[in-house]
Amino acid sequence: MSPVSPGGRQVARAAAPLITMGATWVVRKGMISVYESRTGKPAPLVGSRNGGLITRVAWAASVAAVIALVETLVMRALDEDEPVA
């Protein structure tokens, strides 16, 4: 039995898109910060002219993969039918 009441679970599921957006924003900012602190250069954002095409595509792919993982984990945490590993 879940310790969260059914009404609380419904509120969490309704807020899931906002929770996901917040989590992805934090993760993206964290990735940019870590990249810049480790390399000393600005992150190769897709819209910027920093770095080459391959670097920007690789950066975009890695950010997308991490964000997909975060979204999946948030949705699994909010889904009462699926146990969280």
Side-chain angles (χ1 to χ4, degrees):
M1 179 137 252
S2 176
V4 178
S5 68
R9 181 67 71 177
Q10 290 174 350
V11 170
R13 290 189 67 122
L18 295 176
I19 294 168
T20 302
M21 285 190 304
T24 57
W25 179 80
V26 168
V27 167
R28 184 184 308 264
K29 290 293 185 182
M31 288 181 71
I32 290 170
S33 176
V34 168
Y35 182 90
E36 290 174 353
S37 69
R38 297 229 178 189
T39 63
K41 300 185 289 186
L45 304 176
V46 176
S48 72
R49 302 225 182 243
N50 300 341
L53 178 64
I54 301 298
T55 304
R56 287 185 284 168
V57 169
W59 174 257
S62 64
V63 170
V66 171
I67 287 176
L69 176 64
V70 168
E71 288 180 4
T72 302
L73 292 175
V74 168
M75 296 310 288
R76 284 187 73 189
L78 296 176
D79 189 9
E80 71 260 7
D81 296 334
E82 191 171 339
V84 177

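Within the 3.5 Å criterion, the main-chain N or O of Ala16 finds a donor-acceptor partner in the side chain of Thr20.
Counting all heavy atoms, side chain and backbone alike, Trp59 lies closest to Pro44 at CD1-O, 3.3 Å.
Residues Leu45 and Ile32 form a side-chain contact, since some pair of their non-hydrogen atoms from C-beta on lies under 4.5 Å apart.
Taken from CG in Leu69 to OG1 in Thr24, the straight-line distance is 12.5 Å, to the nearest 0.5 Å. Taken from CZ in Arg76 to CD in Glu71, the straight-line distance is 14.5 Å, to the nearest 0.5 Å.
Linking Ile, Leu, Val, Met, Phe, Trp and Tyr whenever their side-chain heavy atoms come within less than 4.5 Å leaves Met75 and Ile19 in two separate clusters.
Within a 6.0 Å radius of CG in Leu18, other residues, nucleotides and ligands contribute more than 12 heavy atoms.
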